[in-house]
Number of protein chains: 2
Amino acid sequence: MNLLFKALGDPTRRQIIDLLRKRDMNAGEIADYFSISKPSISHHLDLLKQANVVLSIKEGQFITYSLNTTVFDEMVKWVIDISDKQTKKARSKK
Amino acid sequence: MNLLFKALGDPTRRQIIDLLRKRDMNAGEIADYFSISKPSISHHLDLLKQANVVLSIKEGQFITYSLNTTVFDEMVKWVIDISDKQTKKARSKK
DNA sequence: AAAGTATTTAGACATTTGCCTAAATATATA
DNA sequence: TATATATTTAGGCAAATGTCTAAATACTTT
């Protein structure tokens with residue numbers, strides 16, 4: 001979960017996620033959306049991969065990246081849980 | 001949203017959130033749960049406050065911290081949105 | 001096989017982060 | 001008013017992060 005939050009804590013990486021939401025893309029296509037170097041994008045993609053937010057498959061010369069939204073499940077559960085406890089606390093106060 | 005993800009990207013800060021889920025606490029009480037120094041905890045609390053995850057009110061000599069779960073709403077919306085687009089994509093593929 | 005294209009790895013550098021101790025501020029109590 | 005308690009602010013330091021350029025790797029095309 002720490003890797004996930006760390007991964008989401010950078011605007012470039014969240015933009016990459018937003019891009020992949022629309023369609024799968026290869027590293028070069030993704031890089032074209034940004035003004036930072038390809039190695040930097042590659043590094044961001046690596047962190048997203050480590051956090052399990054994206055999956056990659058090699059297709060010949062290209063590497064196609066896609067979103068893996070299942071990792072968000074645990075995160076949402078965590079958040080819901082917090083909000084839930086809070087709701088209970090608020091209710092019992094009244 | 002960046003401050004929020006940054007705030008959540010540290011285990012100590014997530015533990016603080018977990019503590020405040022059960023009840024409001026003052027800075028000293030929170031610090032007692034950790035083996036790091038009080039100034040460090042104070043710093044973590046400041047970041048959580050900047051991210052709007054916690055609220056603080058001064059009560060005499062003490063400062064009581066409480067959770068503000070409303071900030072998670074936007075985050076959950078963002079995540080749901082991503083998962084939703086993905087679901088649609090998956091459906092249309094089939 | 002050589003040259004071109006796509007991507008990553010390596011290594012350097014500045015900035016940010018998380019931690020610490022010492023000092024400052026604010027309130028409470030003797 | 002002097003002292004104790006609660007918390008933050010200041011300043012320093014090592015490690016992590018985000019960026020870059022140059023070089024390496026892998027595949028494709030001529």
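Owing to the predicted nature of the structure, the values given are computational and were not obtained by experimental measurement. Numbers restart at 1 for each chain; the letters A, B, ... are given by sequence-line order, proteins then strands.
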Closer to the 5' end of DNA chain D via nearest nucleotide, is it A:Ile36 or B:Gly28?
B:Gly28
Is there a path of hydrophobic side-chain contacts, each under 4.5 Å between heavy atoms of I, L, V, M, F, W or Y residues, that connects A:Ile57 with A:Leu19?
no
I'd like to know whether A:Leu20 forms a side chain to side chain contact (heavy atoms under 4.5 Å, CB included) with A:Met25, so could you lay out the CA-CA distance, the side-chain angles of the two residues, the decisive distance to 0.1 Å, and finally the verdict.
CA-CA 7 Å; A:Leu20 293 179; A:Met25 295 173 87; 4.0 Å; yes
Looking only at side-chain N and O atoms, does A:Ser37 come under 4.0 Å of OP1 or OP2 in D:dC20?
yes
Would you give the length of the straight line joining atom NZ of B:Lys38 to atom CD1 of B:Ile30, rounded to the nearest 0.5 angstrom?
11.5 Å
Roughly how far apart are A:Leu67 CG and A:Lys22 NZ, rounded to 0.5 Å?
10.5 Å
Can you tell me how far CG of B:Leu3 sits from NZ of B:Lys6, rounded to the nearest 0.5 angstrom?
7.5 Å
To the nearest 0.5 Å, atom CG of B:Asp81 lies from atom OG1 of A:Thr69 at 12.0 Å
Set of side-chain contact (heavy atoms from CB on, under 4.5 Å) partners for B:Asp18, sequence neighbours left out:
A:Trp78, B:Arg21
Using side chain to side chain contact (heavy atoms under 4.5 Å, CB included), reason through A:Phe72 and A:Leu8 one step at a time and then give a plain yes or no.
CA-CA 11 Å; A:Phe72 293 115; A:Leu8 297 176; 4.0 Å; yes
Work out which heavy atom in B:Gly9 is nearest to a heavy atom in A:Phe5; give both atom names and the distance.
CA-CB, 3.6 Å
Check nucleotides 27-30 of chain C for protein N or O atoms closer than 3.5 Å to its own N or O atoms and list the pairs.
| residue | atom | partner | partner atom | Å |
| --- | --- | --- | --- | --- |
| C:dT27 | O3' | B:Gln61 | N | 3.3 |

In whole Å, what is the span from the CD1 atom of A:Ile57 to the C1' atom of C:dT7?
15 Å
B:Asn26 vs D:dA6: side-chain N/O to OP1/OP2 distance below 4.0 Å
no
Enumerate the residues from residues 1-17 of chain A whose closest heavy atom to DNA chain C is under 4.0 Å, giving them by residue number; use none for an empty result.
none
Find every protein N or O atom lying less than 3.5 Å from an N or O atom of nucleotides 8-14 of chain C, and list the pairs.
| residue | atom | partner | partner atom | Å |
| --- | --- | --- | --- | --- |
| C:dT8 | OP1 | A:Tyr65 | OH | 2.5 |
| C:dT8 | OP2 | A:Ser42 | OG | 2.7 |
| C:dT8 | O5' | A:Ser42 | OG | 3.2 |

Between B:Ser83 and B:Val79, is there a donor-acceptor pair closer than 3.5 Å when you use the side chain of the first and the backbone of the second?
yes
From B:Phe34 CZ over to B:Asp32 CG, what is the distance, rounded to the nearest 0.5 angstrom?
10.5 Å
Separation between CG of A:Asn26 and NZ of A:Lys58, rounded to the nearest 0.5 Å:
12.5 Å
Please report how far the helix from C:dA1-D:dT30 to C:dA30-D:dT1 bends, comparing the axis fitted to its first five pairs with the axis fitted to its last five, to the nearest 10 degrees.
10°
Check: residues 44-55 of chain A side-chain donor-acceptor pairs under 3.5 Å, at least two apart:
| residue | atom | partner | partner atom | Å |
| --- | --- | --- | --- | --- |
| A:His44 | ND1 | A:Arg13 | NH1 | 3.0 |
| A:Asp46 | OD2 | A:Gln50 | NE2 | 3.1 |
| A:Lys49 | NZ | A:Ser56 | OG | 3.4 |
| A:Asn52 | OD1 | A:Asn68 | ND2 | 3.4 |

Roughly, in whole Å, what's the span from CG in A:Leu48 to C1' in D:dT17?
14 Å
Nearest-Å distance for atom pair CZ/C1', residues A:Phe34 and D:dT19
14 Å
